[in-house]
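Protein chains get the first letters and strands the later ones, always in sequence-line order, with residue 1 at the start of each. Computation of the quantities below employed the complete heavy-atom set of this structure, encompassing side-chain atoms and omitting hydrogens, waters and symmetry-equivalent molecules.
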Amino acid sequence: MLGEGILKGLAETAKNFFLSYVSPERMTTVEYPEQRIAPIEAARVFPFLVYDGTDWQAGMRCVACQICEKECPPKCIYIEKSKEKKPDALGKPQFYPARFDIDISVCMSCQICVEVCPFEAIKMDTVFELSTTDRFGGLLLDREQLAKPNEYYRKIHATEAAKVDARLAAEKAKADAKAAAAAGGV
Amino acid sequence: MNFPAIFRKKEKPAGWNQPVAVQTHGEGDLLEVAMGPHHPSTHGVFRMDVALDGERVIRLKPVFGYLHRNHEKIAEGISYLASMPYTDRLDYICPITNNWAYALAVEKLTGQEVPERAEYLRVITGELTRFQNHASSIGFLIQEMGASGTPLMYAFREREKILDLFEELTGARMMVNYMRFGGCRVDASSAWLDKTRSVVAGLPGFVDEFETLLRSNEILMARTQGVGILTPELAINAGVTGPMLRASGVNYDIRKVDHYGIYDRFNFRVPLGDHGDVYDRFMIRMLEMRESIGILEQALKEIPGGPVMDPKAKSRGFRPKPGEVYGRIEAPKGELGFYLISDGGPNPYRYRVRPPSLINLTVLEDMCLGADVADVVLIFGSVDIVLGEVDR
């Protein structure tokens, strides 16, 4: 019969219309500013710099090796290496970034800086409410704005941070053992 | 099905599909319309300069390049790994398959092995991508026919579930940046696989619903059957690939021809069309969705444990040996290939994308000649393009 297909289709739409009022899985709307969806652990927005301890300048993990600057696809990272060295978590003297800027208006959240960083110094943040009225200066973050404590990293990426902490602890234990052995040898 | 005369397509006048030069039109007889660049049916920014004789299309000139972002030249200036997130932005409806094609090309260049589990994850994410691409492309096609919203929203409801899976796995809904040379960036947890299994279990119901809604709809049949016919000869000569080529009845699926990845392990069929019209292209996508579900079910059942990255792969200081390769996959839209020349340096000497959307678009004029203006929108929609990939 002509029109049979249309009627079948309309029956389907009617079913969906009624189900959209009763089926709980269809009612997915979240009233955003008041209600929020729990953040996803793998979420990535913009990078930040991890520091240990309480002082961001002393505990900064970044050693200004500039690998992330080289690998960044849109080239949004700008690093200036320090002239002098400061001791890192293992007590080894290392350079630190005298300047570390990320232009988040250029950053495309690809996470490649995180992947190539050998020092676990740069990680992805999950904060997304970053609107500002200054589109140039307001979106160019310097090292002080980028620095966030390791506790914060543990909070937003729990499983990943646990792995990183374990690896760093193992490295530190190894370095300590080596230092102890060296001291014992003398 | 026999339609009453008012529903039937008007007979085409003799010589409607002849080249323009054969037809005689005086100066000022034709109405030239620029459809686009901001026409809602163009899926982006794309212009069609159409010459009309009444309602009939006499000439059609596609104009593209509005979304040109210099992808290939950028890729020649940055490292191999850094191009990976840029490939997400080519065909932004299906970023996973873009990643896959690029990773495959580089793996061919370096001879890297991909671990078993990573191959399965690639197939699972790739087929989910194909499913959501076909669903939303059918939705867009029907919307351009005038059914504004309903089928598209049904498709997007399903696409949302798949994008949620991608978000949980990779951290982003569309700009996934998931594949790496020699594997995948992150491993899927067993919770993610279970979630995927439950989503995949719901997909056949959606395809059934979509079919009841659309397949036998008389208006859809009247609008699409016999419209925009692409002959198999022309399709082959023009290098058309993907669902469009198969809708013309040519049995060519790179998953079957090339056996890239682990596709030879799965049991699936390649649906073929008969007439090469818009309806066939619509039905091919519908049937391919069913085959994708079959592949997904097999892959989710068989997925082994193990690493997802080649242990020899390195992310820093990646320099493949000199050489040139062409890696291609069956992307949802057709053959997506990456042609790379390496001179041994950290960035490719030449980087070229073979975009299925652009090459499928080249036959647009041939399909549209003699059709009505309203059908041009439909024929264009049935090509299934994304302007990000056409213009790159």
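Closest of all the heavy-atom pairs between B/N177 and A/R44 is CB-NH2, 4.0 Å. The shortest non-hydrogen separation linking A/E12 to B/Y154 is O-OH, 4.2 Å. Closest of all the heavy-atom pairs between A/E71 and B/S79 is OE1-OG, 2.8 Å. Closest approach of A/C110 to B/P85, counting heavy atoms only: CB-CB, 3.5 Å. For B/E168 against A/I40, the heavy-atom pair with the smallest separation is CA-CG2, 4.1 Å.
A distance of 10.0 Å separates NZ of A/K8 from CD of B/E211, quoted to the nearest 0.5 Å. Distance check, rounded to the nearest 0.5 Å: CE of B/M84 to CD1 of A/I112 gives 8.0 Å. For the atom pair CZ of B/R157 and OG of A/S20, the computed distance is 9.5 Å after rounding to the nearest 0.5 Å.
Surrounding CZ of A/R135 are at most 12 heavy atoms belonging to other residues, nucleotides or ligands under 6.0 Å away. Surrounding OH of A/Y32 are more than 12 heavy atoms belonging to other residues, nucleotides or ligands, all under 6.0 Å away. By the 6.0 Å contact criterion, NZ on A/K81 is enclosed, its count of non-hydrogen atoms from other residues, nucleotides or ligands being greater than 12. No more than 12 heavy-atom neighbours from other residues, nucleotides or ligands sit within 6.0 angstrom of NZ on B/K195. For NZ of A/K163, the number of neighbouring non-hydrogen atoms (other residues, nucleotides, ligands) closer than 6.0 Å is 12 at most.
Considering only heavy-atom pairs separated by less than 4.5 Å from chain A, the leading option among B/T212, B/L214, B/L220 is B/T212. Between chain B and the residues A/K15, A/E4, A/M124, the most heavy-atom pairs under 4.5 angstrom are made by A/E4. The candidate with the highest count of non-hydrogen atom pairs below 4.5 Å against chain B, out of A/A42, A/S109, A/P73, is A/P73. Among the candidates B/V176, B/D88, B/L169, the residue making the largest number of heavy-atom pairs closer than 4.5 Å to chain A is B/V176.
For chain A, the nearby part of B/T150 is the side chain; its heavy atoms alone come within less than 4.5 Å. Interface residue B/R89: only side-chain heavy atoms are found under 4.5 Å from chain A. Using a 4.5 Å cut-off between heavy atoms, B/I78 touches chain A through its side chain atoms alone. Heavy atoms closer than 4.5 Å to chain B are found nowhere in A/C68, neither backbone nor side chain.
With respect to B/R180 and A/E115, a salt bridge is recorded, a charged nitrogen being found less than 4.0 Å from a carboxylate O.
A distance-only check finds a donor-acceptor pair linking the side chain of B/E218 to the backbone of A/I6 [under 3.5 Å].
Proximity of B/V186 to A/E160: side-chain heavy atoms (C-beta onward) are nowhere separated by under 4.5 Å.
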